[in-house]
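The block underneath contains the structure these notes are about, expressed in structure tokens.
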Amino acid sequence: MKRFLIQCTALVLAVTGWSTPPTPPRLLEKARVLPLALDDAVEFRKTKIYLNDPTVLKPEPTQEEMISFERQRVFFGAINSADRRERYGQYFTFFWRTARKADLTMRFEYRQANLGSHVQAREFSYPAAKGSFRSEFDIIGDDFVDEGKVTAWRAVLIENGKIVALNQSFLWN
């Protein structure tokens with residue numbers, strides 16, 4: 001019965017489009033300013049942010065299953081301390097959906113502590129997207145150690161050069 005439920009869940013997730021693009025996000029040289037044309041058919045549903053920084057948060061044992069799971073997920077496959085250090089950083093996961101078929105680009109723009117007001121951007125392309133999606137962006141390793149913590153961010157969904165959905169931190173201006 002348990003195996004049947006797992007297979008059904010996998011089928012439902014596959015049909016509804018809950019997948020992550022197989023390639024890493026493109027790092028943009030410069031984030032261009034785009035016009036705002038919000039569309040009710042495209043929306044952000046949820047944002048999950050996880051900070052994995054032992055200098056700020058001491059990884060103490062916890063009975064909280066959610067925190068324990070995130071730690072295990074982030075460090076999965078890390079064999080030695082160098083592998084673990086490469087996974088220190090910030091993890092951003094955006095859940096979004098579109099009610100109509102569209103060629104969308106998910107862009108993550110962010111500022112880091114040591115770079116001041118310089119805006120960096122990464123993006124994924126979703127051709128003919130319809131349904132629910134999850135986009136994950138990781139600022140980890142040397143990017144995190146050298147440039148510092150992400151101080152402000154914004155996630156936008158772009159269609160035909162226009163922003164159709166927007167989600168941003170309180171410090172983004």
Side-chain angles (χ1 to χ4, degrees), residues 18-38 42-97 104-126 133-159 161-173:
W18 282 84
S19 63
T20 307
T23 59
R26 291 186 307 273
L27 182 60
L28 301 177
E29 293 291 324
K30 184 174 182 182
R32 294 183 306 119
V33 177
L34 299 172
L36 195 63
L38 298 179
V42 183
E43 64 180 341
F44 282 94
R45 304 287 293 163
K46 182 171 133 179
T47 301
K48 184 176 83 170
I49 302 171
Y50 178 68
L51 175 64
N52 184 24
D53 186 3
T55 61
V56 176
L57 304 170
K58 297 190 184 221
E60 298 174 4
T62 180
Q63 295 297 321
E64 184 63 41
E65 292 179 7
M66 300 281 281
I67 295 172
S68 179
F69 175 79
E70 278 299 315
R71 288 180 185 162
Q72 291 174 8
R73 183 184 72 84
V74 166
F75 287 126
F76 181 78
I79 298 171
N80 55 29
S81 61
D83 290 343
R84 292 177 70 82
R85 268 195 306 278
E86 288 176 7
R87 301 194 183 178
Y88 292 151
Q90 286 179 277
Y91 296 81
F92 296 84
T93 306
F94 299 98
F95 299 89
W96 55 277
R97 72 175 174 190
L104 296 173
T105 300
M106 169 65 174
R107 181 182 293 173
F108 178 62
E109 300 173 352
Y110 58 99
R111 294 186 182 109
Q112 288 181 274
N114 297 344
L115 297 178
S117 63
H118 176 69
V119 175
Q120 299 183 79
R122 299 176 184 207
E123 64 182 28
F124 284 118
S125 294
Y126 295 88
F133 294 87
R134 179 182 75 209
S135 300
E136 295 180 353
F137 297 92
D138 306 332
I139 312 303
I140 58 174
D142 290 338
D143 289 341
F144 180 75
V145 173
D146 297 340
E147 277 84 34
K149 185 178 173 186
V150 172
T151 56
W153 57 267
R154 127 175 140 154
V156 294
L157 287 165
I158 303 166
E159 180 183 23
K162 296 180 182 174
I163 297 173
V164 293
L166 170 71
N167 186 12
Q168 64 188 22
S169 67
F170 292 109
L171 296 177
W172 189 266
N173 56 4

About how many Å separate [atom2] of [Y] and [atom1] of [X], when rounded to the nearest 0.5 Å?
| X | Y | atom1 | atom2 | value |
| --- | --- | --- | --- | --- |
| Q120 | Q112 | CD | CD | 5.0 Å |
| W153 | T47 | CH2 | OG1 | 4.5 Å |
| I49 | F137 | CD1 | CZ | 12.5 Å |
| F108 | N167 | CZ | CG | 10.0 Å |
| E136 | T93 | CD | OG1 | 4.5 Å |
| H118 | Y110 | NE2 | OH | 8.0 Å |

- Query: Under 3.5 Å, side chain of R87 to main-chain N/O of F76, donor-acceptor pair present?
  - Reply: yes
- Query: Are L157 and F44 side-chain neighbours, meaning at least one heavy-atom pair lies under 4.5 Å?
  - Reply: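 A side-chain contact under 4.5 Å exists here.
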- Side-chain heavy-atom pair Y91, N52 within 4.5 angstrom cut-off: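 A side-chain contact under 4.5 Å exists here.
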- Query: Can you list the steps and then say if F124 with F133 is a side-chain contact (heavy atoms from CB on, under 4.5 Å)?
  - Reply: CA-CA 12 Å; F124 284 118; F133 294 87; over 6 Å; no
- Please check if atom CG in L27 has more than 12 non-hydrogen atoms from other residues, nucleotides or ligands closer than 6.0 Å.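 Count over threshold, so yes.
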Show the nearest heavy-atom pair for residues [X] and [Y], with the distance to one decimal.
| X | Y | value |
| --- | --- | --- |
| D83 | N80 | N-OD1, 2.9 Å |
| V42 | A165 | O-CB, 3.8 Å |
| F144 | G89 | CG-CA, 3.4 Å |

- Taking only residues two or more places apart in sequence, or in another chain, which ones meet R84 in a salt bridge (charged side-chain N to carboxylate O under 4.0 Å, His left out)?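 Salt bridge (charged side-chain N to carboxylate O under 4.0 Å, His left out) list for R84, sorted by chain: empty.
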- Sorted by chain and number, sequence neighbours left out, side chain to side chain donor-acceptor pair (under 3.5 Å) with E159 holds for R100
- Item | Option from L104, I158, V156 for which side-chain contact (heavy atoms from CB on, under 4.5 Å) with V164 holds |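 Exactly one candidate clears the test, L104.
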- Item | salt bridge (Lys or Arg N to Asp or Glu O under 4.0 Å): pairs with one or both residues in residues 107-123, sequence neighbours excluded | R26-E123, R107-E109, R107-E123, E109-R154, R122-D143
- Which word best sums up how the rings of F92 and F94 line up, parallel for under 30°, tilted for 30 to 60°, or perpendicular for over 60°?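 Ring orientation of F92 relative to F94: parallel.
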